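One structure follows; several queries about it will come next.
No hydrogens, no waters, no symmetry mates; every other heavy atom, side chains included, goes into these values. Letters A, B, ... are given to chains in the order of the sequence lines, protein chains preceding strands, and every chain is numbered from 1. This is a predicted model, so every value here is computed, not measured.
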Amino acid sequence: MPELPEVETIVRDLRPHLTDRRIESVRAGRRPLRRRWQKAWATQLQGSVILDVTRRGKWIVMPLDSGHSLVFHMGMTGQLRAIAAAEPHDSHTHLVFTLDDGTNELRFRDIRRFGSVTLFADPAALEEFFTQSRLGPEPFDIDPTYWRTRLAATQRCLKSALLDQQLVAGVGNIYADESLYEARLPPTQRGTDTPRGEADRLRRAVAVVLRRAIDQRGSSIRNYVGGSGLKGQYQEEFRVYGRTGKPCPRCRTGIERIRLAGRSTHFCPKCQKVESEETRAKSRKR
DNA sequence: ATAGGCGCCTGCTGGC
DNA sequence: TGCCAGCAGGCGCCTA
């Protein structure tokens, strides 16, 4: 579920609740998440102070005063919330951290259990993890040359490229489709067939779309809620995602849905056509 | 090395 | 009403 805007919203919601809070205790459920929870972690976490709540791609990172880092991934249905300790537990709650303010608990809930929670021993171990997985740059400060070069080097279609976390961190299925629409590029176009002007357009479109979505606290289709339990609103502004058969906001043509990179892909067949050589030549002059 | 497909889980919807 | 197929904000592992 959550892509960058949703994860960013969780981080912003949680930060004021968690910064400088001491973890008093940790209770872990028995059902496994994608990475198995180590029993020893509960002991290591006890008494640690959360220094900050940050984000890298779709990962939530909490550096602790012990030097450890507590790292979460939301998978498809993960929820990480600060909730009043008195509130009853929802089903599928896998981890509960009690805090020294006594009123709120940090709870991790995940229906499908594609999410994960990991404790890294020190900043170097965390850095090593991101390096090994070759996590790409944040979408807001991508070097234009890097972007053009990487796109030009791949045979994959643009949709598939956008979903690759090694190319750019944080984009998922919704924002890949919305970004391609914003850039007026066909999701099926190969990276290698994308001239520099179009690569630049796509790079900017990704940043614009993600910023808009963050402003709306992300998108809530079914499960997603932010760190305070509030839903997002960006689903109200989708131009193509989930709008199969509905009119394109620009040209009223029906939005089409195809399967690409194993994911359902939405686009306007008229606005997102492969550009002719003349059009490309014109935009080069501009 | 690169690209595509499948499996991991649970829950919901729509068609018969 | 019940059943079954298909679908879902992700990612890691396997294959060719």
Discussion item. With syn defined as a glycosidic angle within 90° of 0 and anti as the rest, where does dG4(B) land?
Written reply: anti
Fill in: Distance, rounded to the nearest Å, where Ile111(A) contributes CD1 and dG9(C) contributes P
15 Å
Fill in: Atom-pair distance (CZ on Arg259(A); P on dG6(C)), nearest Å
11 Å
Worksheet item: Can you check side-chain contact (heavy atoms from CB on, under 4.5 Å) on Arg107(A) and Glu87(A), steps first, answer last?
Response: CA-CA 11 Å; Arg107(A) 296 184 192 172; Glu87(A) 284 282 309; 4.1 Å; yes
Worksheet entry | Pairing of Arg263(A) and Asp177(A) as salt bridge, 4.0 angstrom limit | no
Worksheet item: Are any side-chain N or O atoms of Asp65(A) and backbone N or O atoms of Ser48(A), one a donor and one an acceptor, separated by less than 3.5 Å?
Response: no
Worksheet item: For the pair made of CG in Asn223(A) and P in dG10(C), what is the distance, rounded to whole Å?
Response: 13 Å
Worksheet item: Within the structure, does a side-chain N or O atom of Lys58(A) lie under 4.0 Å from either OP1 or OP2 of dG9(C)?
Response: no
Practice prompt. Would you mind checking if Arg55(A) and Glu138(A) are paired as a salt bridge, meaning a charged N to carboxylate O distance below 4.0 Å?
Written response: yes
Worksheet entry | Side-chain ion pair, Lys282(A) and Glu278(A), N-O less than 4.0 Å | no
Fill in: Rounded distance in Å between the P positions of dC14(C) and dC9(B)
15 Å
Discussion item. Output the rounded distance in Å from CG (Asp177(A)) to P (dG10(C)).
Written reply: 11 Å
Worksheet entry | Distance test, side-chain N/O of Arg263(A) to OP1/OP2 of dA8(C), below 4.0 Å | no
Worksheet item: For Arg222(A) and dG9(C), what is the distance between atoms CZ and P respectively, to the nearest whole Å?
Response: 7 Å
Discussion item. Just the rounded figure in Å: distance from P of dC7(C) to OH of Tyr241(A).
Written reply: 12 Å
Worksheet item: Knowing that exactly one of Arg239(A), Arg212(A), Arg204(A) qualifies, which makes a side chain to side chain donor-acceptor pair (under 3.5 Å) with Glu182(A)?
Response: Arg212(A)
Response to the item:
Sorted by position of nearest nucleotide on DNA chain B, 5' first, the leading residue of Ser160(A) and Pro32(A) is Ser160(A)
Fill in: Integer-rounded Å distance: dA8(C) C1' and Phe238(A) CZ
12 Å
Worksheet item: NA contact type, Ile221(A), heavy-atom cut-off 4.0 Å: base, sugar-phosphate, or nothing?
Response: base
Fill in: Test ring-ring contact (aromatic ring centres under 6.0 Å, His included) applied to Phe129(A) and Phe120(A), step by step
CA-CA 9 Å; Phe129(A) 171 71; Phe120(A) 290 92; 5.1 Å; yes
Worksheet item: Taking NZ, NE, NH1 and NH2 as the nitrogens, is one of them in Arg201(A) or Glu275(A) under 4.0 Å from a carboxylate oxygen of the other?
Response: yes
Worksheet item: Using Watson-Crick pairs (N1 to N3, plus N6-O4 or O6-N4) and G-U wobble pairs, both distances under 3.5 Å, which stems of at least 3 pairs involve DNA chain B?
Response: B:2-8 with C:10-16, B:10-16 with C:2-8
Worksheet item: What are the bounds, 5' to 3', of the part of DNA chain B that sits under 4.0 Å from heavy atoms of chain A?
Response: dA3(B) to dG11(B)
Practice prompt. Identify whether any heavy atom of Gly172(A) sits under 4.0 Å from a base atom; if not, whether one sits that close to sugar-phosphate; answer base, sugar-phosphate or nothing.
Written response: sugar-phosphate
Item to complete: Kindly assign one of parallel, tilted or perpendicular to the pair His73(A) and Trp59(A), based on the angle between their ring planes and the thresholds 30° and 60°.
Response: perpendicular
Discussion item. By the 4.0 Å heavy-atom rule, please label Arg190(A) as base, sugar-phosphate, or nothing.
Written reply: nothing
Practice prompt. Decide yes or no on salt bridge (Lys or Arg N to Asp or Glu O under 4.0 Å) for Arg81(A) and Glu105(A), but give the supporting numbers first.
Written response: CA-CA 8 Å; Arg81(A) 298 176 57 186; Glu105(A) 289 179 345; over 6 Å; no
Worksheet entry | Atom-to-atom span, CG of Leu163(A) to C1' of dG9(C) - whole angstrom | 11 Å
